[in-house]
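Protein chains get the first letters and strands the later ones, always in sequence-line order, with residue 1 at the start of each.
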Amino acid sequence: MATHIPAGYKWWTGGKSPYNLSYGKLMMWIFLMSDTFTFAALLISYGTIRVSSNYWPDPNYVFNTFPFMGDANLPLAFVSLMTFILIMSSVTMVLAVHEGHKMNRRGVEKWLLWTILGGLMFLGCQAWEWTHLITHVHPVLIDGQIKEIGATISQNHFGAAVPGLMHEGHQVHLPGPVGFGNFFFGITGFHGFHVTTGVLLNVLMYFWVRNGRFDRLGHYEMVEKAGLYWHFVDLVWVFVFLCFYLI
Amino acid sequence: MEQAIHPTAITPEITFPHEPAANTKRIWKTFWILLILTIAELALGLSHYIFHVEGWLLLFLKGGMIIFSVFKAIYIVSIFMHFSDEVKPFRLTILIPLISFIWFILAFLWDGTSYRNLRNRYNGPPAAVEQPAPHKAQKPGALD
């Protein structure tokens, strides 16, 4: 908090960081800015393709399953759980940073472990969701033939229903827009890659903390940098959740 | 001006260290705000599924979800990433480039809409559902 800095304090007179940040932390912010633009480019191109299409699948119908609940119709329930897990792991990360400010090694270790657990749970949920989308086949009318397909990057079954046409007790649909699979698997996959990297970074932090590396250095700033990355992953999920599951 | 370097100040480049907060009250308060905003978003998302909302009301609901998401983003960045604790020169360096998103989003969504309109005008309206060729497995209306 800048409250104890006098008004009119000159930041740009040299000899100090005008940003009041160390080099490493500033570069983490700059990297996160560039990553913001990468994710934004992906999400905005998804939006462009979506508004240029006459038909787009309704997420309430696409994402309506839950593990071990069979065919029960539970729209958005599972993704809400994933969102909760990621928000919770962001909270445990910020608690780890807080303990780092107090130079409390045991506290940092404890909260980092919870954060790693949250990240792994999120990845497990995503793996289940992808497996379910890819392997669960539904009847689709392709070139006048009924085929049973799952959702992949090349085809999916989320098109409009063909009125009155049933196949073994299931409503037959048209193929959905190919862009849906491209963007969904592409963007959630890229986000999942970020989560994986974040978990690996946190595991590295955990071992460094246990080693006493930061106690020897005299500060836990490296945990703060890993924390910035982890919160960014949560931040991106806010918008992935918005663009794919809610709107 | 001579100042004693605070024990947690990392390098002499840093004029003052980030104030270690006395307790975790602010963190948990932010957690509850984020949770409530997420539940509100879900309520809006499910409401248009349950009540089959269309037209302007649907746009209104989607706008509501976007606003809630922006607030979630602000809370995550300012509290969890301690952005609000940073000094003004740094905050401006990060925030000013983000202004380009206003153009970025508007221009691309406008372009996509215009593409759809042009295609519908010159290629005709969206194709109606084709009637399927006769198929052995097909039993219209039957449950097996």
Side-chain angles (χ1 to χ4, degrees), chain A residues 1-2 4-5 11-12 16-22 29 33 40 44-45 47-55 58 60 75-76 80 83-84 87 90-91 94-95 98 101-102 141 144-146 160 162-169 174 218-219 221 228 231-232 234-235 238-239 242 245-247, chain B residues 8 10-16 18-21 24 27-28 31 34-35 38 41-42 44-46 49 62 65-66 69 72-73 76-77 80-81 85-90 93-94 97 101 104-105 108-109 111-113 115-116 119-120 126 129-130 132-133 135 137-144:
Chain A
M1 261 163 252
H4 53 276
I5 289 292
W11 283 108
W12 298 91
K16 58 182 179 273
S17 165
Y19 295 146
N20 199 42
L21 285 176
S22 71
W29 275 101
M33 277 294 280
I44 293 170
S45 59
T48 308
I49 297 299
R50 181 170 168 170
V51 297
S52 78
S53 309
N54 283 309
Y55 172 84
D58 182 344
N60 279 308
L76 301 183
S80 314
T83 306
F84 178 74
I87 289 179
S90 220
V91 172
V94 80
L95 290 170
H98 178 79
H101 280 145
K102 297 198 297 190
L141 187 66
Q145 298 282 313
I146 292 172
V162 184
L165 184 59
M166 303 292 283
H167 176 70
E168 292 175 0
L174 288 175
H219 58 80
E221 203 202 22
L228 283 178
H231 298 310
F232 175 76
D234 186 23
L235 178 69
V238 168
F239 290 100
L242 174 72
Y245 298 91
L246 289 178
I247 294 187
Chain B
T8 58
I10 290 137
T11 65
E13 290 174 339
I14 295 178
T15 309
F16 68 93
H18 292 274
E19 191 80 15
T24 54
I27 299 169
W28 286 108
F31 164 72
L34 289 176
L35 192 64
T38 308
E41 280 183 330
L42 277 172
L44 290 183
L46 286 175
Y49 168 72
K62 289 182 174 181
M65 292 188 274
I66 292 170
S69 286
K72 275 164 77 179
I76 290 172
V77 175
F80 285 177
M81 297 170 87
D85 297 340
E86 304 291 353
V87 297
K88 202 174 177 188
F90 176 69
T93 306
I94 294 293
F101 276 117
F104 205 14
I105 293 169
F108 275 77
L109 293 188
D111 199 41
T113 313
Y115 183 54
R116 184 183 63 197
R119 200 172 43 188
N120 287 345
V129 173
E130 295 171 31
H135 192 274
Q138 156 200 348
K139 293 174 196 155
L143 276 171
D144 192 299

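Aromatic ring orientation, B:Phe80 versus A:His231: tilted (interplanar angle from 30° to 60°).
Only the side chain of A:Phe239 comes within less than 4.5 Å of a heavy atom in chain B; its backbone stays farther off. Contacts between A:Pro75 and chain B at a heavy-atom distance below 4.5 Å involve backbone atoms as well as side-chain atoms. The contact between B:Ile27 and chain A is made entirely by side chain atoms (from C-beta outward), counting heavy-atom distances below 4.5 Å. B:Phe101 touches chain A through its side chain: at least one heavy atom from C-beta onward sits under 4.5 Å away, while N, CA, C and O do not. For B:Leu44, no part lies under 4.5 angstrom from a heavy atom of chain A. The part of B:Ile76 that comes within reach of chain A is its side chain, from C-beta onward, which places non-hydrogen atoms under 4.5 angstrom from that chain. Proximity to chain B (any heavy atom under 4.5 Å) is restricted, for A:Phe84, to the side chain, taken from C-beta onward.
Among the candidates A:Leu95, A:Asp58, A:Ile49, A:Asp234, the residue making the largest number of heavy-atom pairs closer than 4.5 Å to chain B is A:Leu95. When B:Ile105, B:Leu42, B:Thr38, B:Leu35 are compared by the number of non-hydrogen pairs under 4.5 Å with chain A, B:Leu42 comes out ahead. In terms of heavy-atom pairs under 4.5 angstrom with chain A, the leader among B:Ile66, B:Val77, B:Asp111 is B:Ile66.
In the displayed structure, B:Tyr115 atom OH is contacted under 6.0 Å by at most 12 heavy atoms of other residues, nucleotides or ligands.
For B:Tyr49, the side-chain hydrogen bond (donor to acceptor under 3.5 Å, both in side chains) partners at least two apart in sequence or on another chain are A:Asn73.
How far OG of A:Ser90 is from CE of B:Met81: 8.5 Å, rounded to the nearest 0.5 Å. Distance CG/A:Asn20 to NZ/B:Lys88: 15.5 Å, rounded to 0.5 Å.
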